Amino acid sequence: MKHGSRKVIAVGVVAALAALAVTVTGAAKQTAGVQVCALLPDTKTSVRWEQFDRPALQKAFSNAQIPARVVNAQGDPQKQKTQADQCVSDGAKVLIIAPIDSASAAAIEKSAAKSGVRSIDYDRQVEGGVAVLYASFNGHTVGVLQGQGVYAGLKAAGKGGSHPVVASLWGGQEDANSFLFKGGVDQVLNPLYANGTLKKGPQQFVPGWDNQKAGTIFEQMLVQTGNKIDAVAAANDGLANAVVVALKAHKLNPIPLSGQDATSQGVQNIISGWQTMTVFKDVRKLATAAATAAIDLVKGRHVPTTGFVTTKGRSKEPAYLIAPQSITKRNYTLLFTSGFLKKSDVCNGTYAQYCK
């Protein structure tokens, strides 16, 4: 073989090896891309999404060394779809979806499924969706705890036998969970309405769980009843605070009032006597369970469940449900000792005087 020929061959081999290196590097980069995406709904309906869910999800993925992305759609269904599409394009194998509404979330799940991407319904059910798991808290039990808390508050105030009027502020109708919470409250209070122990007052769903709209709705309820509302079953702490603000504005006394999410504001209302209870849903447990399920799906492992739930528009959905807990003035310090809230987030300003 001539010397010139050997040089051409050598150059060709080097070029081929270089091309192979580029190909391998590119494949490695693609493999190292995002594997799981968590799609949070907004920052308006509750502080929990950014204050609790995001850091808990990020910690779970970091501990498992799984490339993941956590994004928030800021209440915009189209933005959530765009975020989901980007995740799928970037190589995600699993989407964890906390839906803004069922229709848009179902479309996201079905579109992702066409690309072989599986979905997990996070916290809220997606009617008509195709998720392989619903990870949440037992929504019906949340409502039961709220109903029990309202009635216990009425009895503690000596109004259990005086046919007190109970109003209700449900969550947004676009959220399937709102009906789960309502169903739990109804289980407790409807028999008491039926036998005359309680009187059913105004009841209304609050569009988008919007706290300002809740305030307007409750103001209208006060007008409708001539301020004769003795208790309120409010679906979360934000709606409950809207009630507190209205009561204070009208110089009315505190009344039995339920909540949910164990927010700093909700606990402040509890210790100062303006809210009866909240429901503690330790989202750290939920985030860890959902992240673990997503990782199991990515790695082809069995996904643990606690049973099945009935979700409209689809077959029975495998579920992993966590039990919620009632928080009152008697046990609110549990939120501090468990590390869920910092005492300084609650016991500050005018609220410090109420802390244990």
Side-chain angles (χ1 to χ4, degrees), residues 44-49 51-53 123-124 136-154 156-157 166-172 175 177-178 180-186 188-189 201 203-206 208-215 217-218 221 229-248 252-283 323-336 338 340-341 345-346 351 354:
K44 193 173 182 180
T45 60
S46 176
V47 299
R48 60 162 285 193
W49 302 113
Q51 187 174 343
F52 304 128
D53 293 82
D123 193 67
R124 300 170 173 174
S136 188
F137 297 89
N138 191 315
H140 183 81
T141 301
V142 169
V144 169
L145 293 176
Q146 291 173 332
Q148 291 173 340
V150 167
Y151 186 49
L154 284 168
V166 181
S168 298
L169 289 172
W170 312 122
D175 179 3
N177 277 13
S178 296
L180 294 177
F181 307 146
K182 180 181 183 299
V185 173
D186 287 345
V188 176
L189 299 186
Q203 300 189 350
Q204 192 166 333
F205 288 91
V206 178
W209 291 84
D210 187 289
N211 298 331
Q212 283 191 318
K213 291 179 181 176
I217 291 169
F218 186 65
M221 289 179 174
I229 292 179
D230 300 299
V232 179
N236 75 358
D237 288 350
L239 305 186
N241 190 64
V243 172
V244 172
V245 169
L247 291 174
K248 289 180 177 180
L252 297 172
N253 293 326
I255 58 177
L257 174 65
S258 66
Q260 180 181 183
D261 291 335
T263 63
S264 298
Q265 184 180 67
V267 179
Q268 287 177 331
N269 282 334
I270 288 172
I271 62 177
S272 60
W274 285 93
Q275 186 173 325
T276 309
M277 58 82 69
T278 186
V279 178
F280 176 31
K281 303 187 304 185
D282 194 339
V283 296
Q325 183 176 1
S326 177
I327 296 293
T328 67
K329 193 180 290 188
R330 289 185 177 181
N331 67 344
Y332 74 91
T333 56
L334 167 67
L335 301 171
F336 305 150
S338 68
F340 186 73
L341 291 179
D345 291 336
V346 174
Y351 296 99
Y354 303 111

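Numbers here simply count residues along the sequence, with the first being 1. Worth saying up front: this structure is predicted, and the values here are computed from it rather than measured.
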Problem set entry | Side chain to side chain, Asp123 and Trp49, heavy atoms closer than 4.5 Å | yes
Problem set entry | Shortest non-hydrogen contact between Ala240 and Gln275, atoms and distance | CB-OE1, 3.6 Å
For this session: Evaluate the criterion side chain to side chain contact (heavy atoms under 4.5 Å, CB included) for residue pair Val150 and Leu257; output intermediate values, then yes/no.
Result: CA-CA 6 Å; Val150 167; Leu257 174 65; over 6 Å; no
Exercise. Could you go step by step and tell me if Leu145 and Gln260 meet the side chain to side chain contact (heavy atoms under 4.5 Å, CB included) rule?
Worked result: CA-CA 10 Å; Leu145 293 176; Gln260 180 181 183; over 6 Å; no
Exercise. Distance from Ser264 atom OG to Leu341 atom CG, nearest 0.5 Å?
Worked result: 4.5 Å
Exercise. Do Asn236 and Trp209 meet the criterion of a side-chain donor-acceptor pair at a distance under 3.5 Å?
Worked result: no
Exercise. Would you say Thr333's side chain and Phe336's backbone share a donor-acceptor pair under 3.5 angstrom?
Worked result: no
Exercise. Do side-chain atoms of Asp237 reach the backbone of Thr263 as a donor and acceptor pair under 3.5 angstrom?
Worked result: yes
Problem set entry | Separation of Tyr332 OH from Phe280 CZ (nearest 0.5 Å) | 15.5 Å
Exercise. Which distance, rounded to the nearest 0.5 Å, do you find between the OG of Ser46 and the CD of Gln265?
Worked result: 10.0 Å
Exercise. For the side chain to side chain contact (heavy atoms under 4.5 Å, CB included) test, which of Val142, Ile327, Asp261, Val144 pairs with Val279?
Worked result: Val142
Exercise. About how many Å separate NZ of Lys213 and CD1 of Ile217, when rounded to the nearest 0.5 Å?
Worked result: 8.5 Å
For this session: Look only at the side chain of Ser178 and the backbone of Gly172, and say whether a donor-acceptor pair between them is shorter than 3.5 Å.
Result: yes
For this session: Could you tell me how the ring of Trp170 sits relative to the ring of Phe205: parallel (under 30°), tilted (30 to 60°) or perpendicular (over 60°)?
Result: tilted
Exercise. Cut-off 3.5 Å, side chains only: do Asn211 and Asn241 have a donor facing an acceptor?
Worked result: no
Exercise. Any ion pair linking Lys281 and Asp53 (charged N to carboxylate O, less than 4.0 Å)?
Worked result: no
Exercise. So, for Met221 and Ala167, which heavy atoms are closest and what is the spacing to 0.1 Å?
Worked result: SD-CB, 4.1 Å
For this session: Please assess Gln325 against Leu334 for the test side chain to side chain contact (heavy atoms under 4.5 Å, CB included), listing each intermediate value before the final yes or no.
Result: CA-CA 11 Å; Gln325 183 176 1; Leu334 167 67; 3.2 Å; yes
Seminar exercise, completed: Note: Pro254 and Gly273 closest approach over all heavy atoms is CB-O, 3.2 Å
For this session: Would you indicate whether the side-chain heavy atoms of Tyr151 and Pro256 approach each other to under 4.5 Å?
Result: no
Exercise. So, Gln204 side chain and Ser168 main chain: donor-acceptor pair closer than 3.5 Å or not?
Worked result: no
For this session: Could you pull out the closest heavy-atom pair between Val232 and Ile255, with the gap in Å?
Result: CG2-CD1, 3.8 Å
Exercise. Looking only at heavy atoms, which two atoms of Gly149 and Met277 are closest? And how far apart?
Worked result: CA-CG, 4.0 Å
For this session: Mark yes or no for whether Asn331, through its side chain, and Thr328, through its backbone, hold a donor-acceptor pair below 3.5 Å.
Result: yes
For this session: Please round to the nearest 0.5 Å and tell me the distance separating atom NE2 of His140 and atom CG of Asp186.
Result: 9.5 Å
Exercise. So, the side chain of Thr278 versus the backbone of Ala262: is there a donor-acceptor pair under 3.5 Å, distance only?
Worked result: yes
Exercise. Which distance, rounded to the nearest 0.5 Å, do you find between the OH of Tyr351 and the CD1 of Ile271?
Worked result: 8.0 Å
Seminar exercise, completed: On a heavy-atom basis, the closest approach of Leu239 and Ala214 is CD2-CB, 3.6 Å
For this session: Return yes if some donor-acceptor pair links the side-chain N/O of Asn177 with the main-chain N/O of Leu180 below 3.5 Å, else return no.
Result: no
For this session: Compute both the distance and the angle, then confirm whether Lys248 meets the cation-pi test with Trp274: under 6.0 Å from the six-membered ring centre, within 45 degrees of the axis.
Result: yes
